[in-house]
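Read the structure below first, then the notes.
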Amino acid sequence: AQSVAQPEDQVNVAEGNPLTVKCTYSVSGNPYLFWYVQYPNRGLQFLLKYITGDNLVKGSYGFEAEFNKSQTSFHLKKPSALVSDSALYFCAVKAFSGGYNKLIFGAGTRLAVHP
Amino acid sequence: DVKVTQSSRYLVKRTGEKVFLECVQDMDHENMFWYRQDPGLGLRLIYFSYDVKMKEKGDIPEGYSVSREKKERFSLILESASTNQTSMYLCASSPDGRNTEAFFGQGTRLTVV
């Protein structure tokens, strides 16, 4: 079955420290991977995506993600966290299923950055 | 900028009512989606559409229907609202292609009492 796992419900980090939000996936064929962020009572905003090429992908707001094919992972990272980064983060994979391309989301990880 | 607009931010309806959630996108995207978001479950796909008047069931279509009469508009219909349909509903649109990201509306928080 095609799926996305975000093993941590919540990640806590101090402001200024590096942060990592983990994501692993299971999909047949080449993976097309995405990260989204959701601020309270808002829709999802696109952060970055991996399609092909360089395993380190850079995105919005200083975020980056590292694609690791052997570990089937696509972890989200930021070198120095800000309090304003506190939000809900979703990893997603686009999978071909039932004749259509569909976005399959993980359960989400809440990031809390403390001053 | 792509804009996906949902007609209501907050909605309170009574059990048994027929509920319409409207979504409009302004970027001429072929694909539109309705998701439901619940804590700990992430986003679950209810229905999607790849063309006008075309619809496909997602993972949890029971109790819902959709309508896409125009390319820019995708409506989600709760035929007879129930309390277990209390949730955050998110509409999204995307261009064709496996490498394209989806753009989301701001969400509608529906409470069924």
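Proteins come first, then strands; the chains are lettered A, B, ... in the order of their sequence lines, and each starts at number 1. These numbers come from the heavy atoms of this one structure, side chains and all, not from hydrogens, waters or symmetry mates.
- At a 4.5 Å heavy-atom cutoff, the contact between A:Leu88 and chain B is made by side-chain atoms alone.
- Residue B:Ile77 is found in a hydrophobic cluster whose other members, listed by chain and number, are B:Phe20; membership requires side-chain heavy atoms under 4.5 Å apart, directly or through intermediates.
- How far CZ of A:Phe74 is from SG of A:Cys91: 7.0 Å, rounded to the nearest 0.5 Å.
- Residues of residues 65-72 of chain A never come closer than 4.5 Å to chain B when only heavy atoms are counted.
- The side-chain heavy atoms of B:Phe104 and B:Val4, taken from C-beta on, include no pair separated by under 4.5 Å.
- Taking the side chain as every heavy atom from C-beta outward, A:Asp85 and A:Phe63 approach each other to under 4.5 Å.
- Annotation: the span from A:Phe105 atom CZ to A:Cys23 atom SG amounts to 11.0 Å, rounded to 0.5 Å.
- Here the closest heavy-atom approach between residue A:Lys78 and residue A:Gly62 is recorded as CG-O, 3.7 Å.
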Step through the atoms of chain A and chain B and list each donor-acceptor pair whose separation is under 3.5 Å.
{"unit_1": "A:Asn30", "atom_1": "O", "unit_2": "B:Arg98", "atom_2": "NH2", "d": "3.2"}
{"unit_1": "A:Tyr36", "atom_1": "OH", "unit_2": "B:Ala102", "atom_2": "N", "d": "2.9"}
{"unit_1": "A:Tyr36", "atom_1": "OH", "unit_2": "B:Ala102", "atom_2": "O", "d": "3.1"}
{"unit_1": "A:Gln38", "atom_1": "OE1", "unit_2": "B:Gln37", "atom_2": "NE2", "d": "2.7"}
{"unit_1": "A:Gln38", "atom_1": "NE2", "unit_2": "B:Gln37", "atom_2": "OE1", "d": "2.9"}
{"unit_1": "A:Asn41", "atom_1": "O", "unit_2": "B:Arg9", "atom_2": "NH2", "d": "2.5"}
{"unit_1": "A:Gly43", "atom_1": "N", "unit_2": "B:Gln106", "atom_2": "O", "d": "3.2"}
{"unit_1": "A:Lys49", "atom_1": "NZ", "unit_2": "B:Asn99", "atom_2": "O", "d": "2.8"}
{"unit_1": "A:Lys49", "atom_1": "NZ", "unit_2": "B:Glu101", "atom_2": "OE1", "d": "2.8"}
{"unit_1": "A:Lys94", "atom_1": "O", "unit_2": "B:Arg98", "atom_2": "NE", "d": "3.3"}
{"unit_1": "A:Lys94", "atom_1": "O", "unit_2": "B:Arg98", "atom_2": "NH2", "d": "3.2"}
{"unit_1": "A:Lys94", "atom_1": "NZ", "unit_2": "B:Gly97", "atom_2": "O", "d": "3.2"}
{"unit_1": "A:Lys94", "atom_1": "NZ", "unit_2": "B:Thr100", "atom_2": "O", "d": "2.6"}
{"unit_1": "A:Lys94", "atom_1": "NZ", "unit_2": "B:Thr100", "atom_2": "OG1", "d": "3.2"}
{"unit_1": "A:Tyr100", "atom_1": "OH", "unit_2": "B:Glu56", "atom_2": "OE2", "d": "3.1"}
{"unit_1": "A:Asn101", "atom_1": "O", "unit_2": "B:Tyr50", "atom_2": "OH", "d": "2.4"}

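- With a 4.5 Å cut-off on non-hydrogen atoms, B:Leu41 touches chain A through its backbone but not through its side chain.
- Put simply, CD1 on B:Ile46 and CD1 on B:Ile60 are 5.0 Å apart, with the number rounded to the nearest 0.5 Å.
- Only the side chain of A:Ile51 comes within contact range of chain B, judged by heavy atoms closer than 4.5 Å.
- Using a 4.5 Å heavy-atom cutoff, the side chains of A:Leu47 and A:Leu76 are in contact.
- By the side-chain contact (heavy atoms from CB on, under 4.5 Å) test, A:Pro40 pairs with no residue at all, sequence neighbours left out.
- Contact annotation: the side chain of A:Leu19 approaches that of A:Leu111 to within less than 4.5 Å [non-hydrogen atoms, C-beta and beyond].
- The shortest heavy-atom contact between B:Val19 and B:Ala81 is CG2-CB, 3.9 Å.
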